[in-house]
Amino acid sequence: IPQLPNFVRLGWRLLRDSRVPVVLKSMAVLAFLYSISPFDVIPDFFFPGVGYVDDATLLLLMGYYFIRWSPQEVVTEHVTAIGGSFQRTFQRWRPRVDLRSSRISSLL
């Protein structure tokens, strides 16, 4: 949680970077639009508190996969630019698997 503002900064930097595939950017924007939309799988109005869980879950998962599926050299460049304790923390959380060989990354 203390690093959440830095992850938001990283996501914003990746959204503005032209080296990140448009498909990933579209997925992130659509997830954000869904979270602020009045139409939900679990309506916020009928289930106060619980209705926000699907929005928060979607945003967290999309943020995670947006960073993970972005080109690693681009992510590394932006993490280094943000620097500080975020850079050390991010290195521990960095995926240890080469995602370029996965099925999903082949779509990108």
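Starting from 1, each residue takes its place in the sequence as its number.
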**Study point:** Short side-chain to backbone donor-acceptor contact, S37 and L33, under 3.5 Å
**Key:** no
Exercise for review: Mark yes when over 12 heavy atoms from residues, nucleotides or ligands other than F32 sit less than 6.0 Å from its CZ; otherwise mark no.
Suggested key: no
Practice item. Check the surroundings of atom OH in Y65: do more than 12 heavy atoms from other residues, nucleotides or ligands lie under 6.0 Å from it? Key: no
Review point. Going from CD on Q72 to CD1 on I67, what distance comes out if it is rounded to the nearest 0.5 angstrom?
Key: 10.0 Å
Flag yes if [X] and [Y] sit in one hydrophobic cluster, no otherwise; membership is Ile, Leu, Val, Met, Phe, Trp, Tyr, and two members link when side-chain heavy atoms are under 4.5 Å apart.
| X | Y | result |
| --- | --- | --- |
| V23 | M62 | yes |
| Y64 | W12 | yes |
| L61 | F66 | yes |
| L59 | L4 | no |

So do [Y] and [X] actually touch side chain to side chain, heavy atoms under 4.5 Å?
| X | Y | result |
| --- | --- | --- |
| F7 | L60 | no |
| W69 | M27 | yes |
| L15 | V20 | no |
| L10 | N6 | no |

Can you name the closest pair of heavy atoms from [X] and [Y] and give their distance?
| X | Y | value |
| --- | --- | --- |
| V75 | S70 | CG2-CB, 3.7 Å |
| K25 | D17 | NZ-O, 2.6 Å |
| P2 | P5 | O-CD, 3.6 Å |

**Study point:** E77: side-chain hydrogen bond (donor to acceptor under 3.5 Å, both in side chains) partners, not counting sequence neighbours
**Key:** R19
